[in-house]
Amino acid sequence: MSETPEKPKSHGRLQISASIKPRVLMEEPMLLKGAWVARVVTLFPDAFPGTLGLSLTGKALDMGRWRLEPIDLRSFGIGKHRTVDDTPAGGGAGMVLRADVVDAALRVASDGTPRDRARWPVVYLSPRGRRFDQAMARDWAAADGVTLLCGRFEGVDQRVLDHWDIQEVSLGDFVLTGGELAAQAMLDATVRLLPGVLGNAESTEEESHSHGLLEHPQYTRPQEWEGREIPPVLTSGDHGKIAKWRRAEAEKLTQERRPDLWAKR
């Protein structure tokens with residue numbers, strides 16, 4: 001008789017996990033209304049929340065503004081040893097995550113989620129995918145939640161990606177050992193955009209990439225440091241001149257450092 005897969009853990013004070021079984025109301029606290037949810041299918045659930053449990057994202061997690069549910073892929077493995085991978089068809093190095101194993105995990109991850117992918121993106125973290133950017137983070141933050149599939153080894157059987165119509169997304173033009181670090185980076189970029197997480201909504205409007213530009217230089221006390229002074233315009237009190245200076249500096253930096261971004265404008 002096969003073992004029953006372990007229930008995925010959740011992090012934050014709202015202890016709840018994906019399950020097809022009804023829950024008794026007294027077993028778990030209710031969610032805050034409109035709480036955003038991230039479900040992460042991974043072979044290393046203990047990697048979460050990781051850095052997401054720190055600072056403002058961690059505080060928001062504890063307050064129930066969002067919920068994190070790592071789903072252990074190993075618990076859906078085949079046989080006594082819970083095998084999750086096999087050799088590539090056609091030969092080659094490495095191993096490939098099995099379609100049937102990943103499918104079983106995604107079925108649990110999809111429980112209770114909208115079918116509309118605009119409301120709930122389902123994503124495979126892959127170096128061959130579309131590059132993650134601020135616009136995508138905003139789209140995810142505007143959804144009800146997201147499911148992230150963390151790859152390992154040589155990747156995932158293409159059939160399960162096609163069956164679930166999964167979007168492939170890359171953190172950048174490089175290869176990681178697995179998708180867990182990329183998942184944390186993408187979730188951090190998304191969660192900070194959720195209402196109430198940063199506290200000051202204006203901060204997300206002025207930072208890099210929010211308007212297709214890199215952020216202008218920032219300064220603070222002391223007024224002079226190592227012979228370098230704060231630009232006088234920033235201490236002039238003239239908010240119109242300050243805004244104009246910041247815009248000009250942002251455009252200059254973008255042209256110099258990211259001509260690809262500047263060309264899109």
Side-chain angles (χ1 to χ4, degrees), residues 1-9 17-21 37-45 47-48 68-133 136 139-140 143-187 190:
M1 183 175 180
S2 60
E3 298 182 45
T4 302
E6 296 177 3
K7 291 183 178 180
K9 300 176 182 178
S17 58
S19 171
I20 60 174
K21 298 179 181 179
V37 181
R39 292 179 177 172
V40 184
V41 178
T42 171
L43 280 170
F44 299 95
F48 296 88
L68 175 62
E69 294 179 3
I71 297 174
D72 187 358
L73 183 61
R74 181 71 63 183
S75 66
F76 300 91
I78 305 299
K80 178 180 178 181
H81 300 292
R82 293 189 173 181
T83 302
V84 300
D85 57 356
D86 211 327
T87 55
M95 304 292 280
V96 177
L97 291 174
R98 294 174 51 133
D100 50 356
V101 173
V102 174
D103 176 69
L106 290 175
R107 287 180 184 276
V108 169
S110 67
D111 180 49
T113 66
R115 290 177 178 246
D116 183 356
R117 292 300 167 81
R119 291 183 57 197
W120 195 290
V122 179
V123 176
Y124 169 45
L125 305 176
S126 163
R128 70 184 187 184
R130 171 188 162 187
R131 188 182 298 180
F132 183 78
D133 56 21
M136 192 180 299
D139 289 342
W140 289 6
D144 298 338
V146 65
T147 294
L148 301 180
L149 170 61
C150 297
R152 280 277 159 175
F153 316 124
E154 296 303 308
V156 177
D157 190 309
Q158 185 65 41
R159 292 171 295 179
V160 74
L161 300 178
D162 294 339
H163 176 76
W164 283 88
D165 191 24
I166 294 176
Q167 179 185 14
E168 296 189 41
V169 178
S170 171
L171 186 61
D173 296 334
F174 50 86
V175 180
L176 296 171
T177 306
E180 287 75 18
L181 289 175
Q184 290 194 22
M186 294 178 191
L187 289 176
T190 302

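Residues: numbered from 1 along the sequence shown.
- Contact check for Asp144 versus Thr113: no side-chain heavy atoms found under the 4.5 Å cut-off.
- Across every non-hydrogen atom of Ile166 and Tyr124, the tightest pair is CG2-N, 3.3 Å.
- For the pair Arg39 (side chain) and Ala109 (backbone), a donor-acceptor distance under 3.5 Å is present.
- The two residues Gly151 and Leu97 make their nearest non-hydrogen contact at CA-CD1, 4.4 Å.
- Taken from CZ in Phe48 to CG in Leu148, the straight-line distance is 7.5 Å, to the nearest 0.5 Å.
- To the nearest 0.5 Å, atoms OG1 (Thr87) and CD (Glu154) are separated by 11.5 Å.
- Between the side chain of Gln167 and the backbone N or O of Arg130, no donor-acceptor pair lies under 3.5 Å.
- Side-chain contact between Leu176 and Leu125: absent, with no pair of heavy atoms (C-beta onward) separated by less than 4.5 Å.
- Heavy atoms only, all atoms of each residue included: Gly94 and Pro88 are closest at O-CD, 3.2 Å.
- Atom CG of Leu43 is separated from atom OG of Ser75 by 9.5 Å, given to the nearest 0.5 angstrom.
- For the pair Arg131 and Leu171, the tightest heavy-atom approach, listed with the atom from each and the gap, is CG-O, 4.4 Å.
- The main-chain N or O of Asp85 is never found under 3.5 Å from a side-chain atom of Thr83 such that the two would form a donor-acceptor pair.
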| task | Kindly indicate, with the supporting measurements, whether the criterion side-chain contact (heavy atoms from CB on, under 4.5 Å) is fulfilled by Val41 and Leu106. | result | CA-CA 8 Å; Val41 178; Leu106 290 175; 4.3 Å; yes

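- What you find for Ala47 and Gln184 is that their closest heavy atoms are O-NE2, 2.8 Å.
- Leu149 is not listed as a side-chain neighbour of Trp164, based on a closest heavy-atom distance of 4.5 Å or more.
- Scanning both residues, Pro127 and Phe174, for their nearest heavy atoms gives CB-O, 3.8 Å.
- With a 4.5 Å cut-off on side-chain heavy atoms, Ile78 and Asp100 count as touching.
- A donor-acceptor contact shorter than 3.5 Å links the side chain of Arg74 to the backbone of Arg82.
- A distance-only check finds a donor-acceptor pair linking the side chain of Arg117 to the backbone of Asp165 [under 3.5 Å].
- Taken to the nearest 0.5 Å, the CZ atom of Phe76 stands 6.5 Å off from the CD1 atom of Ile71.
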